[in-house]
Amino acid sequence: MLRRNIGLGITLLVLSACADAQWVNQPMAGAPRTKDGKVDVAAKAPRLPDGKPDLSGIWQVVNPTREERYKFFFDGINNLGEDPPAPYFMNILYDFKPEDSPMRPETAAITQQHHAGMAKDIPSTRCLPFGLPLMDVSPFPFKVLQLPGEVAVLYEHDTTFRQIFTDGRKLPSDPSPSWLGYSVGKWEGDTLVVDTIGFNDKSWLDAFGHPHSEDMRVTERFRRKDFGHMEIRVTVDDPKMYTKPFTITLNQRLLPDTDLLENICAENEQDWKHMPR
């Protein structure tokens, strides 16, 4: 029963992620290209006039390996052929053996409650946002716009946006809890370091249902390795729920010559009434 509910929940989460192009074959302006006209993803990472790496582009988390697919008991969502999500999307604590898990006992109990009612209780089945860090690991593409004083991130999932301020402002001392929190960024060499606080506790860290508290702090380190590849190192620090901070590393690939789709979860929504009660 648990595996069936997990499969149903994940199907609803990623079913529409398989179509990741709206403007088909729209050439990416200024992109380096090989002799056959394809974007040279191995070319040097672009830089802005101020010398900082330019993170702009449409990105998507790299698909899991065959070994990772087998570990999660499926090859495609419900064998329908869609690309399965990254392991951390399924389980944010993928790197930990059960005996080494940083979950506190009360955290484990909440996770089990989420497991039991996953298909009906996962927030996205009610068209609620993924939150962080789930947005970073989801199979949906996202667009980065690097602007003076801020970096805007446009997520295809439910057409959600996020602002990362790089104008020197400090994080708020008493933020009003929100789904994506409050983000400020600074450059450390060629890496953009983003600190985010001010979350509500309504989102899940992953599809398995690991929770977080309103005290969670997420630190992301964005590093564009070359033209077509970016690494994001995400650290979750939530002392109320976990005994120590933990870090995951996500590899992102550039999606050139295309653009994001509109994705509105609540439009003609037909799933909720079919969820098991």
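This one's a predicted model, so the numbers in the text were calculated from it and none came from an experiment. Starting from 1, each residue takes its place in the sequence as its number.
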Nearest 0.5 Å, please: how far is CZ in R104 from OG in S213? 10.0 Å
Between K143 and D259, is the salt bridge (charged side-chain N to carboxylate O under 4.0 Å, His left out) condition met? List the steps. CA-CA 8 Å; K143 177 188 280 189; D259 220 312; 2.9 Å; yes
Within-4.5 Å side-chain heavy-atom neighbours: I58 and L260: yes
Salt-bridge criterion met for K186 and D195 (N-O under 4.0 Å): no
Any side-chain heavy-atom pair from N251 and H229 closer than 4.5 angstrom? no
Is any side-chain heavy atom of R253 closer than 4.5 Å to a side-chain heavy atom of L255? yes
Is a side-chain N or O of Q146 found less than 3.5 angstrom from the main chain of P53, in a donor-acceptor match? yes
F140 backbone acceptor or donor facing Q60 side chain under 3.5 Å: no
Close side-chain approach of D201 and E214, heavy atoms under 4.5 Å: yes
Quick one: are F227 and P46 in side-chain contact, heavy atoms under 4.5 Å? yes
Atom pair CZ (F165) and NZ (K170), whose distance is rounded to the nearest 0.5 Å: 15.5 Å
State whether a side-chain donor-acceptor pair under 3.5 Å links R223 with T191. no
Sub-3.5 Å donor-acceptor pair from the side chain of R33 to the main-chain atoms of D36, do we have one? no
Over all heavy atoms of both residues, which pair between D206 and F89 is shortest? Give the atoms and the distance, please. CB-O, 3.3 Å
Atom CZ of F96: over 12 foreign heavy atoms under 6.0 Å: yes
Apply the test side chain to side chain contact (heavy atoms under 4.5 Å, CB included) to residues L254 and M230: give CA-CA distance (whole Å), side-chain angles for both, the deciding distance (0.1 Å), then the verdict. CA-CA 8 Å; L254 182 72; M230 181 165 66; over 6 Å; no
Measuring only between side-chain heavy atoms, which start at C-beta, is D54 closer than 4.5 Å to R47? no
With clusters defined by side-chain heavy atoms of hydrophobic residues (ILVMFWY) lying less than 4.5 Å apart, directly or transitively, does I164 cluster with W187? yes
Are D95 and Y88 close enough that a side-chain donor and a side-chain acceptor fall under 3.5 Å? yes
Would the distance check show the side chain of D40 and the main-chain N or O of P32 forming a donor-acceptor pair, the cut-off being under 3.5 Å? no
Report yes or no: does N263 contribute a side-chain atom to a donor-acceptor pair with the main-chain N or O of H157 at less than 3.5 Å? no
So how far is it from L55 CG to F222 CZ, rounded to the nearest 0.5 Å? 7.5 Å
Looking at every heavy atom in both K202 and N200, which two are closest together, and how far apart are they? N-OD1, 3.1 Å
I'd like to know if the side chain of S124 and the backbone of C127 have a donor-acceptor N/O pair within less than 3.5 Å. no
For A43 and D226, work out which heavy atoms get closest and say how close. O-CB, 3.2 Å
Taking a hydrophobic cluster as the set of Ile, Leu, Val, Met, Phe, Trp and Tyr residues connected by side-chain heavy atoms closer than 4.5 Å, whether directly or through intermediates, do I232 and L192 fall within one such cluster? yes
Apply side chain to side chain contact (heavy atoms under 4.5 Å, CB included) to L128 and W179, showing your working. CA-CA 9 Å; L128 295 173; W179 289 92; 3.9 Å; yes
Keeping the roles fixed (side chain from E156, backbone from L261), state whether a donor-acceptor pair exists under 3.5 Å. yes
Between V61 and A86, the two heavy atoms sitting closest are CG2-CB, 4.2 Å
Is there a path of hydrophobic side-chain contacts, each under 4.5 Å between heavy atoms of I/L/V/M/F/W/Y residues, joining V193 to L250? no
Keeping R221 on the side-chain end and V234 on the backbone end, is there a donor-acceptor pair under 3.5 Å? no
Please answer whether the main-chain N or O of G181 pairs with a side-chain N or O of R162 as donor and acceptor at a distance below 3.5 Å. no
When hydrophobic residues are tied together by side-chain contacts of less than 4.5 Å, even through go-betweens, does F142 share a cluster with L180? yes
Given L205 and M216, is the side chain to side chain contact (heavy atoms under 4.5 Å, CB included) satisfied, shown in steps? CA-CA 11 Å; L205 294 183; M216 178 177 71; 3.7 Å; yes
In residues 240-247, what donor-acceptor pairs under 3.5 Å come from side-chain atoms, sequence neighbours left out?
from	atom 1	to	atom 2	distance (Å)
K240	NZ	D215	OD2	3.2
Y242	OH	P211	O	2.7
T243	OG1	P102	O	3.3
T247	OG1	T235	OG1	2.7

Below 4.5 Å, heavy atoms only, C-beta onward: do Q26 and T258 meet side chain to side chain? no
Testing the basics here: between Y182 and L171, what is the closest heavy-atom pair and its distance to 0.1 Å? O-CD2, 3.3 Å
Do side-chain atoms of Q252 reach the backbone of D136 as a donor and acceptor pair under 3.5 angstrom? yes
To the closest 0.5 Å, what do you measure between CD1 (I92) and CG (L134)? 8.0 Å
Residue pair T196 / F199: nearest heavy atoms and the distance that separates them: CG2-CZ, 3.3 Å
Can you hop from M28 to V144 via hydrophobic side chains spaced under 4.5 Å? yes
Residues D237, T219; criterion side chain to side chain contact (heavy atoms under 4.5 Å, CB included); working and verdict: CA-CA 8 Å; D237 187 2; T219 302; over 6 Å; no
Under a plain distance cut-off of 3.5 Å, with no hydrogens placed, do H210 and T107 share a side-chain donor-acceptor pair? no
Between D158 and T160, do the side chains contain an N or O donor and an N or O acceptor separated by less than 3.5 Å? no
Is the shortest side-chain heavy-atom distance between E150 and D167 below 4.5 Å? no
